[in-house]
A.B. asks: 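Could you have a look at this structure, given as structure tokens, before my questions?
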There are 2 protein chains.
Amino acid sequence: MSKKEALTRAAAELLWERGYTGTSPAMILERAQAGQGSMYHHFSGKAELAVAAMTRMGDELRTGVEKALTAEGPALARVAAYLDLERAPLAGCRMGRLAQDHDVVADPELRAPAADFFTWLTARLSAVLADGVRTGELRPGVDPDAMASLITATVQGGYVLARVHQDPAEFHRAIDGAKQVLAQLTADADEDRPGHPGHR
Amino acid sequence: MSKKEALTRAAAELLWERGYTGTSPAMILERAQAGQGSMYHHFSGKAELAVAAMTRMGDELRTGVEKALTAEGPALARVAAYLDLERAPLAGCRMGRLAQDHDVVADPELRAPAADFFTWLTARLSAVLADGVRTGELRPGVDPDAMASLITATVQGGYVLARVHQDPAEFHRAIDGAKQVLAQLTADADEDRPGHPGHR
DNA sequence: GTCTATAGTAGGATAGAC
DNA sequence: GTCTATCCTACTATAGAC
């Protein structure tokens with residue numbers, strides 16, 4: 001593995017663990033087993049290395065999400081598969097957490113990889129939901145953009161709650177809430193709607 | 001205003017703007033127009049000052065939320081009032097953003113004020129929703145805890161999306177999504193459910 | 001390409017005068 | 001209580017050898 005590769009990997013890990021402001025070049029070098037020279041040869045500095053790390057992160061995240069969203073089955077099942085993707089609630093979202101960092105938001109180059117990922121994610125979720133509406137699986141009144149935004153926000157917020165309480169269950173409670181309301185979007189939701197005595 | 005008061009205020013502002021790791025004692029002193037001595041006389045250091053600032057933040061936030069949740073009217077309207085509270089999406093949540101900071105989560109003393117606030121908030125929302133179920137306004141199947149968690153997460157996630165895109169509209173889109181699904185929780189949601197041709 | 005040495009600045013806390 | 005002066009460490013980047 002090239003030093004450049006090792007540096008990008010180490011940077012990605014540390015950005016996840018400590019955020020951008022909380023990560024120093026020295027930490028990255030130590031984890032990557034590299035010297036100062038390697039880093040400043042391949043990158044102009046901390047910011048450029050972080051951009052490379054974030055870009056890689058985005059690619060990995062997209063791959064994982066795409067796998068869940070393109071599976072066989074109804075739209076709602078695919079969205080549920082996305083919600084059930086393996087996650088580490090206590091660690092937080094690799095991308096989302098960086099967006100809370102002042103220095104990341106202040107630098108357009110740093111913000112871009114994160115913004116691109118969330119633009120893609122929300123659009124992708126919206127497309128799946130719109131597909132569900134088109135096939136009649138979901139009620140015609142369902143607003144794909146608003147629901148996609150709600151889902152994305154719930155996941156991000158779930159991470160926040162899990163971290164603040166240091167309890168993964170808080171993440172799953174929020175996800176459960178999302179699943180419960182998603183179940184109400186189906187065209188035949190009346191029957192199994194909680195509280196409505198369905199046929200049993 | 002005492003120096004202690006000025007320091008707490010300045011710290012609260014800077015924690016909101018830059019996060020815990022991104023805020024230095026020097027910045028706080030400059031904004032508070034105080035010297036090193038004042039800070040180290042009243043507080044043991046950066047961490048203790050941050051705890052004081054966060055505790056104050058929590059009190060302020062609770063006051064604002066309580067006002068929305070105790071207003072007259074049905075449970076759903078009160079929750080909607082909470083969702084419509086004035087917010088600065090691009091600035092992020094004063095509490096939630098700090099929970100993304102590695103050093104805050106790592107220190108129990110720092111995490112406590114944030115955890116306490118979210119424990120209170122979720123319980124408060126859950127109580128309002130449970131009240132709505134009790135009065136028959138909301139369907140019996142509504143899960144107050146899960147919905148409270150969903151609402152809290154949506155707000156926090158909305159902040160993340162707004163910041164990453166540097167666009168307040170992203171926050172409001174997520175909030176709109178939450179409002180749309182909340183409207184489905186009422187006992188008579190069938191009539192005005194989008195997609196169902198109500199009486200018009 | 002990769003290394004170590006060096007340097008200037010800022011972070012965080014202490015000492016001691018007033 | 002509040003101030004300034006001082007200290008040590010870490011952060012970020014550069015220089016120059018190999």
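So you know, we letter chains A, B, ... as the sequences are listed, proteins then strands, and number each from 1.
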A.B. asks: Any base atoms under 4.0 Å from B:T21, or only sugar-phosphate, or nothing? Heavy atoms, all strands.
C.D. replies: nothing
A.B. asks: Distance from B:K67 atom NZ to B:L85 atom CG, nearest 0.5 Å?
C.D. replies: 9.5 Å
A.B. asks: Students should find this one: the first and last nucleotides of DNA chain D, 5' to 3', lying under 4.0 Å from a heavy atom of chain A. What are they?
C.D. replies: D:dC11 to D:dT14
A.B. asks: Please confirm whether the backbone N or O of A:G92 pairs with a side-chain atom of A:W16, one donor and one acceptor, at under 3.5 Å?
C.D. replies: yes
A.B. asks: Is it true that a side-chain atom of B:R31 and a backbone atom of B:A11 form a donor plus acceptor pair closer than 3.5 Å?
C.D. replies: no
A.B. asks: Could you identify which residues of residues 37-50 of chain A place a heavy atom less than 4.0 Å from some atom of DNA chain D, listed by residue number, or say none?
C.D. replies: A:Y40, A:G45, A:K46
A.B. asks: Roughly how many Å is it from CG in B:L29 to P in C:dA10, rounded to a whole number?
C.D. replies: 15 Å
A.B. asks: Is any side-chain N of the basic residue among B:E60 and B:R94 closer than 4.0 Å to the acidic one's carboxylate O?
C.D. replies: yes
A.B. asks: Parallel, tilted or perpendicular for B:Y159 and B:F171, by the 30°/60° rule?
C.D. replies: tilted
A.B. asks: Does B:S126 reach the main-chain N or O of B:T122 with its side chain, forming a donor-acceptor pair under 3.5 Å?
C.D. replies: no
A.B. asks: Is the closest side-chain donor-acceptor distance between A:H165 and B:T119 under 3.5 Å?
C.D. replies: yes
A.B. asks: Say you draw a straight line from OG1 of B:T154 to NZ of B:K179; how long is it, rounded to the nearest 0.5 Å?
C.D. replies: 12.5 Å
